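Note that the structure is a prediction, hence the values are computed from the model and not measured. In what follows, chains carry the letters A, B, and so on, assigned in the order in which the sequence lines appear, proteins first and then strands, with residues in each chain numbered from 1.
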Amino acid sequence: MSENKQGGQSSQYEPRAVEAKWSEVWETEHIYKFDQGSNKEIFSVDTPPPTVSGKMHIGHAFSFSQQDFIMRFQRMRGKNVFAPFGTDDNGLATERLVEKMNAVRSKSMDRQEFITLCLKTLESIRPQYIRDWKRIGMSCDFDIFYTTINEHCQRISQKAFLDLVKMGRAYRKFAPVIFCPHCQTSIAQVEMEDKEKSTTLNMIKAKMAGGTFILYATTRPELHPACVGISIDEEGDYCTVKRPDGEVWTISKDAFERMKEEFQLVLNDTFKGKDIIGKTVEIPLANPVRVSHDISAKTEYGTGVVYYCSYGGLDCVEWMARHKDAEPILIMDESGKYTHGPYKGMESEEARIKVLEDLEKSGNLLKKEHMKHVTNVHERCATPIEYVAMNQWFIRYLDLKDVFLERGNELQWYPPHMKNRFDNWVKGLQWDWCISRQRFYGVPFPVWYDKKTKEPIFADESLLPVDPLKDLPKGKSREDILPEQDVLDTWATSSLTPQIAIQLMPQSLQEKLFPMDLRPQAHDIISFWLFNTVVRSHLHHDSLPWEKVMISGWALDPHGKKMSKSRGNVVEPQVIIEKYSADALRFWAAGSKLGDDLPFQEKDVMTGQKFVKKLWNAAKFSFIHLESYKGERPEKLEVMDHWILSHLQRLIKACTETFEDYEYVRTRLDTDKFFWQMFCDNYLEIAKDRLYTEDEAGKDGKLSAQFTLHHVLLAILKLMAPITPFITEEIYQQYYAKKEGKASIHISSWPVSDPSLESKEAELAGGLFLDVLSAVRKWKSDQNLSMKKEVQKITISAPDEAKALLSLVLGDLMGVTNAKDIVFGAKAARETGNYQETKIKISVEQ
RNA sequence: GGGCCCAUAGUCUAGUGGCUAUGACGUCGCCUUUACACGGCGAAGGUCGUCGGUUCAAAUCCGGCUGGGCCCACCA
């Protein structure tokens with residue numbers, strides 16, 4: 001290659017080739033291997049297993065990079081880093097992906113066939129998916145690997161479930177769950193989102209004993225056949241009112257005030273809600289119910305009368321829980337269709353139209369009011385969710401809310417305010433944890449039921465993992481039992497990641513690894529993954545799962561909006577890496593404080609790319625001048641060398657302290673600034689004069705500069721190594737690796753500040769030096785002159801103490817300003833930058 | 001409705017009591033300078049959201065307001 005210059009080294013940095021090269025070397029040389037035999041202090045990380053979705057997205061790249069900064073820092077600090085890597089590949093997300101990729105529907109397939117298809121599909125995409133994580137430079141030990149569907153995880157998950165059964169913490173109950181009629185499965189609360197829909201609020205009248213009517217309003221009229229009750233506020237004021245045609249209605253007093261004009265109502269009689277409790281109401285299209293009191297009924301809303309169905313919404317579910325005597329009327333099956341009477345086979349939308357027609361015909365529909373309201377929909381298909389009752393397994397934990405709050409207090413949160421989200425969630429908990437899912441693909445419950453007694457039969461622990469659909473309990477035949485069909489909630493398994501990862505290690509190590517040091521994750525799943533893991537660890541081990549949590553923010557689009565496929569503002573990290581390099585993307589990810597969201601701006605990645613190239617060029621320059629350097633320390637340091645070394649010591653201290661507190665952004669900002677301004681723009685320019693010197697007289701000055709160059713560049717590389725691991729490795733390997741006897745910069749030691757290199761005097765002299773240099777540069781700029789332009793004489797007027805300091809650095813000052821002479825005198829005119837305490841002026845003669 | 005976070009030049013951002021308020025991108029002028037023109041030097045650009053308080057001193061601490069964002073709840 002003709003563009004190759006000195007040393008046969010290509011003058012251009014080629015990130016693609018270099019990053020691919022080091023990825024491979026790190027893997028084949030096991031650079032990030034957890035050392036099982038070591039006595040070094042362990043730093044164990046409960047790394048998040050990303051959900052296999054085909055491709056890593058930019059939010060992953062953002063938060064995983066931040067985790068990796070910490071892991072790399074701790075490794076360089078001498079810790080034995082335990083960083084497993086897992087993939088989360090069970091649950092609905094995976095089912096959806098497999099259905100989409102293979103154009104199938106799980107529910108219309110044979111169950112075993114679908115499971116086989118899931119496993120096969122995952123096998124084909126998982127390796128590529130994991131490659132994305134290696135590509136951004138995750139320094140996990142990829143040999144400590146799990147997938148949440150593999151045997152190891154299934155065994156641990158099933159064992160933990162059986163333990164909960166023994167403790168009396170797991171129980172089975174017939175109860176409503178959130179159900180998606182489109183996907184025909186129960187879903188988790190986290191899978192719901194709000195969506196505003198236009199609909200009608202319908203006012204209905206129902207006949208009461210004595211020929212009067214009670215009024216209620218509903219947005220879900222199609223659930224009439226499932227009406228289980230009517231409630232009012234027993235302490236509220238209600239009334240009967242008369243219409244012009246003589247019909248008598250019962251509504252709240254508040255409602256009367258609002259409705260009297262529209263319906264020309266005349267007040268008939270007023271009374272308290274309790275006066276009508278127990279009265280029978282003939283609900284249209286349904287069985288009669290009795291009026292009851294309920295805390296959710298308020299006279300100021302609607303008509304002050306509420307009708308409840310099984311199940312119209314969470315309010316109805318809660319109502320049923322409070323009214324134990326009411327029997328649910330189940331009108332929807334697992335296909336999301338109605339099973340009752342004339343509406344059989346219809347879905348909600350269709351039934352709503354039909355029911356309204358029927359109500360109108362029977363004269364029970366008084367009014368349809370168009371309105372917009374927010375409904376819960378399934379995030380994946382935008383279908384409004386339903387509540388359907390089924391047999392479910394739960395983990396009983398509502399009694400432990402205070403304990404969980406205390407666990408939250410024991411945890412160290414980075415950043416601290418993220419604990420509020422945890423507290424907020426725990427305080428708001430109202431339901432035990434439903435851990436069963438009516439799906440095909442997941443970890444099965446290790447449970448069968450006796451056909452006769454319906455009692456559960458639990459699997460023998462020594463035989464785990466089991467699949468009740470295939471396996472049989474000891475001593476039973478297929479005819480005796482019914483297998484549990486449900487699978488475990490994916491969170492029920494992923495809440496065990498510390499145990500899953502640690503149990504991949506020999507028994508002797510397991511105790512040392514638990515509790516772990518750190519859980520890194522993003523803030524969106526504090527109430528799920530983080531909370532659930534705390535729950536499981538408390539229940540199974542009476543301990544926190546880890547000492548600390550670090551919570552990353554989100555990557556947003558350039559305007560600060562959430563990225564989503566539907567908005568079309570998604571940025572693919574693979575494209576960015578291809579265009580700019582993984583280092584550049586990581587440099588961007590280091591640009592916000594931990595926990596803060598960061599808008600993705602391509603220009604910020606470009607800034608990272610420029611840093612990488614600048615580092616490459618600065619190193620190239622340095623190595624040219626270090627060829628003759630043998631590693632010796634000069635007897636006496638030049639003042640300007642001492643100046644930058646002194647600043648470097650402060651930088652090292654600051655970066656170390658802040659990195660310990662997970663504030664990697666300080667290291668990025670401070671080191672970047674130090675590198676660019678202090679090292680490149682100033683120090684290298686200052687040192688050039690001495691570095692290019694070949695004669696004997698300048699030997700000492702050159703050696704001092706070489707020592708400094710060697711030292712400062714190495715420190716910069718190491719400080720930036722956790723953030724930009726590829727370029728720093730590439731440069732390190734070209735020069736430092738052999739000298740330090742390390743296979744990789746990433747297992748070399750983090751810099752330690754050296755007090756002998758600090759000098760207040762040198763820092764002061766250097767500061768004045770830069771003031772003068774800046775003034776000279778400004779003068780040259782004003783004259784439209786090249787910075788290299790030689791000048792005859794620079795006159796400096798300054799107080800004595802400044803003169804004394806500047807006289808220490810006149811040689812370098814002459815070199816960098818290319819001045820033939822520098823004198824102290826009175827006739828200077830131009831002010832330098834530092835006019836606070838030391839009034840310095842200069843003038844320049846061409 | 002409850003909780004939390006945020007508000008600094010055109011844009012993103014640093015700065016948790018005291019320097020002339022940081023850096024980058026963008027803008028303008030100049031410099032082919034032998035590591036780098038994806039560079040260098042210089043310039044313009046900010047009443048640090050708003051009102052009040054604490055203090056010798058506030059972008060920084062406290063309170064009110066306004067505007068954004070996130071989570072939870074409600075939504076007959």
Side-chain angles (χ1 to χ4, degrees), chain A residues 5-6 11-13 189 194 201-204 215-220 230-231 255 296-298 301-308 312-316 371-376 415 417-425 427-430 523-524 526-527 553-554 556 558-562 580 588 591-593 595-604 606-625 665-666 668-670 672-673 676-677 680-681 684-685 688 692 773-774 776-789 818 833-837:
Chain A
K5 288 184 186 168
Q6 301 131 14
S11 64
Q12 286 288 317
Y13 179 60
Q189 196 178 337
D194 289 350
L201 179 64
N202 311 285
M203 194 174 290
I204 314 286
L215 266 57
Y216 52 88
T218 178
T219 54
R220 301 286 315 267
I230 279 214
S231 286
S296 72
K298 301 270 186 293
Y301 294 112
T303 63
V305 181
V306 196
Y307 104 125
Y308 298 90
L314 209 51
D315 51 332
C316 296
M371 65 177 285
K372 282 190 193 278
H373 83 151
V374 176
T375 50
N376 288 320
H417 71 257
M418 288 295 178
K419 188 173 92 71
N420 292 316
R421 300 198 185 195
F422 178 92
D423 290 349
N424 206 17
W425 175 256
K427 285 174 190 162
L429 271 180
Q430 297 197 46
H523 56 49
D524 55 326
I526 288 175
S527 38
W554 274 39
L556 305 174
H559 309 288
K561 299 277 173 225
K562 217 185 229 177
Y580 298 104
W588 161 76
S592 85
K593 275 182 295 191
D596 279 8
D597 295 342
L598 184 66
F600 178 86
Q601 309 230 8
E602 199 157 333
K603 68 184 177 64
D604 293 336
M606 273 185 232
T607 306
Q609 187 193 30
K610 282 164 74 170
F611 166 80
V612 166
K613 288 187 177 173
K614 186 83 172 175
L615 191 57
W616 169 261
N617 283 310
K620 193 170 67 176
F621 168 82
S622 301
F623 294 157
I624 291 167
H625 295 285
V665 65
R666 280 254 64 85
R668 196 267 245 185
L669 289 167
D670 294 350
D672 179 46
K673 192 175 164 189
W676 209 288
Q677 299 186 344
C680 293
D681 294 348
L684 289 184
E685 294 306 317
K688 265 179 190 171
Y692 277 110
L773 174 57
S774 170
V776 175
R777 281 169 168 171
K778 195 168 181 172
W779 180 84
K780 286 183 178 177
S781 186
D782 288 349
Q783 311 297 315
N784 291 353
L785 293 172
S786 158
M787 289 301 134
K788 213 187 169 186
K789 175 77 181 175
N818 201 14
N834 190 351
Y835 53 77
Q836 272 266 298
E837 291 133 33

Quiz prompt | Atom pair distance, as rounded to whole Å: CG in A/Asp604 and C1' in B/rU11 | solution = 9 Å
Exercise. Identify whether any heavy atom of A/Tyr301 sits under 4.0 Å from a base atom; if not, whether one sits that close to sugar-phosphate; answer base, sugar-phosphate or nothing.
Key: base
Quiz item: Contact class for A/Ala619 (heavy atom, under 4.0 Å): base, sugar-phosphate, or nothing?
Solution: nothing
Between the protein and nucleotides 28-33 of chain B, which nitrogen or oxygen pairs come in under 3.5 angstrom?
{"residue": "B/rG29", "atom": "N2", "partner": "A/Ser781", "partner atom": "OG", "Å": "3.2"}

Quiz item: Using a cut-off of 4.0 Å on non-hydrogen atoms, how would the nucleic acid contact of A/Thr375 be classed: base, sugar-phosphate, or nothing?
Solution: nothing
Quiz item: Taking only side-chain nitrogens and oxygens of A/Lys561, does any of them come within less than 4.0 Å of OP1 or OP2 of B/rG69?
Solution: yes
Practice problem: Determine: side-chain N/O of A/Lys620 to OP1/OP2 of B/rC36, distance under 4.0 Å, yes or no. | Solution: no
Quiz item: 5'-most contact on RNA chain B: A/Asp315 or A/Leu684, nearest heavy atom basis?
Solution: A/Leu684
Quiz item: Can you tell me if the side-chain N/O atoms of A/Lys427 get under 4.0 Å from OP1 or OP2 in B/rC72?
Solution: no
Practice problem: When you get a sec, tell me which of B/rC38, B/rG2, B/rA24 is the closest nucleotide to the side chain of A/Thr607? | Solution: B/rA24
Quiz item: B/rC38, B/rU11, B/rA14: which one has an atom nearest the side-chain heavy atoms of A/Lys593?
Solution: B/rA14
Practice problem: List in chain and number order the residues that pass ring-ring contact (aromatic ring centres under 6.0 Å, His included) with A/Tyr580, two or more places apart in sequence or in another chain; answer none if no residue qualifies. | Solution: none
Quiz item: Base, sugar-phosphate, or nothing: which does A/Asp670 touch, judged by heavy atoms less than 4.0 Å apart?
Solution: nothing
Practice problem: Whole angstrom is fine here: how far is it from CZ in A/Phe600 over to P in B/rA24? | Solution: 20 Å
Self-check item: Any A/Lys562 side-chain nitrogen or oxygen under 4.0 Å from OP1 or OP2 of B/rC71
Solution: yes
Quiz prompt | A/Pro599 side-chain proximity, nearest of B/rC70, B/rA24, B/rC12 | solution = B/rC12
Quiz prompt | Rounded interatomic separation in angstrom, taking CG from A/Leu598 and P from B/rC70 | solution = 16 Å
Exercise. Mind calculating the distance between NZ (A/Lys778) and P (B/rC41) to the nearest angstrom?
Key: 14 Å
Quiz item: If you measure from OH on A/Tyr307 to CD1 on A/Ile230, what distance do you get to the nearest 0.5 Å?
Solution: 9.5 Å
Quiz item: How long is the line joining CE of A/Met418 and P of B/rG69, in whole Å?
Solution: 17 Å
Self-check item: Gap between atoms NZ and C1', on A/Lys673 and B/rA21 respectively (whole Å)
Solution: 11 Å
Practice problem: State whether A/Trp676 places a side-chain N or O below 4.0 Å from either non-bridging phosphate oxygen (OP1 or OP2) of B/rA24. | Solution: no
Quiz item: Rounded to the nearest Å, what distance is computed from the CG atom of residue A/Asn420 to the P atom of nucleotide B/rG3?
Solution: 11 Å
Quiz item: What does A/Val665 touch in the nucleic acid at a heavy-atom separation under 4.0 angstrom: a base, only the sugar-phosphate, or nothing?
Solution: nothing
Practice problem: Could you check whether A/Arg666 gets within reach of a base, just the sugar-phosphate, or nothing at all, counting any heavy atom under 4.0 Å? | Solution: sugar-phosphate
Quiz item: Is the closest basic N to carboxylate O distance between A/Asp423 and A/Lys419 below 4.0 Å?
Solution: yes
Practice problem: Report the distance from atom NE2 of A/His625 to atom C1' of B/rC36, rounded to the nearest whole Å. | Solution: 13 Å
Quiz item: Any sub-3.5 Å donor-acceptor pair from A/Lys780's side-chain atoms to A/Met787's backbone N or O?
Solution: yes
Quiz item: Of A/Asp604, A/Leu598, A/Val665, which is the lone residue that meets side-chain contact (heavy atoms from CB on, under 4.5 Å) with A/Ser592?
Solution: A/Leu598
Exercise. Could you work out which one of B/rG42, B/rC74, B/rC71 sits closest to the side chain of A/Leu314?
Key: B/rC74
Quiz item: Of the non-hydrogen atoms in A/Thr303 and A/Leu215, which two are nearest, and what is the gap between them?
Solution: OG1-O, 2.6 Å
Quiz item: Under the ring-ring contact (aromatic ring centres under 6.0 Å, His included) test, which residues partner A/Phe600, sequence neighbours left out?
Solution: A/Trp588
